[in-house]
Amino acid sequence: MKKNSMATQWKIRRKGFLIAVVLLGLAGCQPFVGGHCCYERQIGTAVVQNTTEEGACAIFSAARPWSELSQAWQGRCLPFTNRNIAPSQRRYPARLSVITEGSCVPVRLQVLSDERMMQGVSLDLDEEGRESEAARQSVLQIVATFNALTRDWPQSCLLISGQGSDKYSAEYRWNLARRYEQKFREKFIDLGLEPQRVNVLSGALPDNRWPAMQDSAHGVQVFFQLQPSLLPAKDTQ
């Protein structure tokens, strides 16, 4: 009687173990959505290929050599966030984000500027005004992207808007932001861009088409201005 009971218990345990293994195997194959996620970002150009019922897609070309992580997406027509751009052989500035940690959307493509809107690239600085490594890499990618755009957009410019931490007074933030703008303007010129094609906004961004920095309270945003008519209102302060 005792042997039969022990055998029954073993069968139950064995069955439970096998079920647990199967469930673990399924869990490893299922993408979990949400939670904390990290992305590797590259700046480059995108060419819109077609528009379908599901939306438009574009082929991204990195401005600088592809990272090993991003190579899998090279040459693919990827959906992107700005769906109002008509198919065109023109190149647009774009940002590709590839997930490195977490289980969110694996890849995101965002067009940064077209004939109607501009989305900024944030370059972070610390409290001492020093660039992060990500900001240094982004500067190089911005320069390479800008040079790749000039054939399609011969009148294109970069616009720079600075921002200081709100823990300082308004006057100090204003002066700090202007210093940051000049710092990066000189950096872009030193890297070969023509001075007349690197401009600063010198003030608050004019409306919600040019949103304030989201990634950092310290640093600048850089915009690709493709059309001369797409200009922010001049600051009067």
Side-chain angles (χ1 to χ4, degrees), residues 38-46 60-71 73-74 91-98 100 108-114 117-165 173 175-205 210-226 230-232:
C38 298
Y39 286 85
E40 176 187 276
R41 294 179 173 86
Q42 288 185 281
I43 302 167
T45 60
F60 178 81
S61 298
R64 291 175 60 80
W66 284 77
S67 70
E68 185 175 340
L69 183 65
S70 301
Q71 285 179 358
W73 304 100
Q74 187 172 7
R91 296 183 180 276
Y92 296 98
R95 175 168 47 210
L96 182 72
S97 301
V98 181
T100 59
R108 295 173 177 172
L109 180 62
Q110 179 184 29
V111 175
L112 295 170
S113 181
D114 60 19
M117 67 88 200
M118 292 187 287
Q119 179 70 39
V121 176
S122 296
L123 303 178
D124 298 341
L125 298 174
D126 64 16
E127 294 287 334
E128 302 299 323
R130 294 172 298 207
E131 301 165 55
S132 64
E133 178 58 30
R136 283 191 286 271
Q137 293 301 318
S138 292
V139 165
L140 298 177
Q141 293 173 11
I142 288 170
V143 170
T145 298
F146 187 80
N147 289 331
L149 292 170
T150 53
R151 184 188 303 175
D152 294 328
W153 307 95
Q155 299 184 69
S156 57
C157 293
L158 290 183
L159 298 179
I160 305 173
S161 175
Q163 177 174 304
S165 173
R173 289 201 310 271
N175 293 326
L176 194 64
R178 303 297 77 75
R179 189 158 71 243
Y180 290 164
E181 290 168 349
Q182 290 304 319
K183 171 188 174 77
F184 280 98
R185 183 175 188 273
E186 292 171 5
K187 186 177 291 291
F188 285 126
I189 292 171
D190 288 343
L191 289 170
L193 298 190
E194 298 175 0
Q196 66 271 24
R197 302 185 71 173
V198 185
N199 303 312
V200 296
L201 291 175
S202 294
L205 299 175
W210 293 272
M213 290 182 69
Q214 299 296 323
D215 300 333
S216 171
H218 243 64
V220 301
Q221 276 192 303
V222 180
F223 300 86
F224 294 91
Q225 181 192 36
L226 302 182
L230 192 62
L231 279 171

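Only this structure's heavy atoms are used, side chains among them; waters, hydrogens and symmetry mates stay out.
- The closest side-chain heavy-atom distance from W73 to L109 is not below 4.5 Å.
- Using a 4.5 Å heavy-atom threshold, the side chains of E131 and F184 count as touching.
- Residue M118 comes nearest to S113 through the heavy atom pair CG-OG, 3.6 Å, listed as atom of the first residue, atom of the second, then distance.
- Judged by distance alone, with hydrogens and angles left aside, the side-chain atoms of E181 form a donor-acceptor pair with the main-chain N or O of G162 at under 3.5 Å.
- When all heavy atoms are compared, the tightest approach of T150 to N147 is OG1-O, 2.9 Å.
- Between Q196 and C157, the shortest heavy-atom contact is O-SG, 4.2 Å.
- Across every non-hydrogen atom of Y39 and T100, the tightest pair is N-OG1, 3.9 Å.
- Within the 4.5 Å cutoff, the side chain of P93 has no heavy atoms near those of the I43 side chain.
- Q141 and R64 share no side-chain donor-acceptor pair at under 3.5 Å.
- Within the model, atoms CG of L96 and CD of Q42 stand 6.5 Å from one another, a figure rounded to the nearest 0.5 Å.
- One distance of note links CG of L125 with CD of Q163; it measures 11.0 Å at 0.5 Å rounding.
- Within the 4.5 Å cutoff, side-chain heavy atoms of L123 are placed close to those of I142.
- With D114 contributing its side chain and M117 its backbone, the two residues share a donor-acceptor pair below 3.5 Å.
- Judged as a ring-ring contact (aromatic ring centres under 6.0 Å, His included), and not counting sequence neighbours, the contacts of W153 are Y92.
- Applying the 6.0 Å contact sphere to CZ of R185 captures more than 12 heavy atoms from other residues, nucleotides or ligands.
- Residues F146 and S156 meet the side-chain proximity criterion, which asks for heavy atoms closer than 4.5 Å.
- When the side chain to side chain donor-acceptor pair (under 3.5 Å) test is applied to S61, no partner is found at least two apart in sequence or on another chain.
- When all heavy atoms of S97 and R41 are compared, the closest pair comes out as OG-CG, 3.3 Å.
- When every heavy atom of Q119 is checked against every heavy atom of F223, the shortest pair comes out as C-CD2, 3.9 Å.
- Contact check for F224 versus T45: no side-chain heavy atoms found under the 4.5 Å cut-off.
- Rounding to the nearest 0.5 angstrom, the gap separating the CZ atom in F60 from the CZ atom in R91 is 11.0 Å.
- Remark: the Q182 side chain and the E186 side chain contain no N/O donor-acceptor pair separated by less than 3.5 Å.
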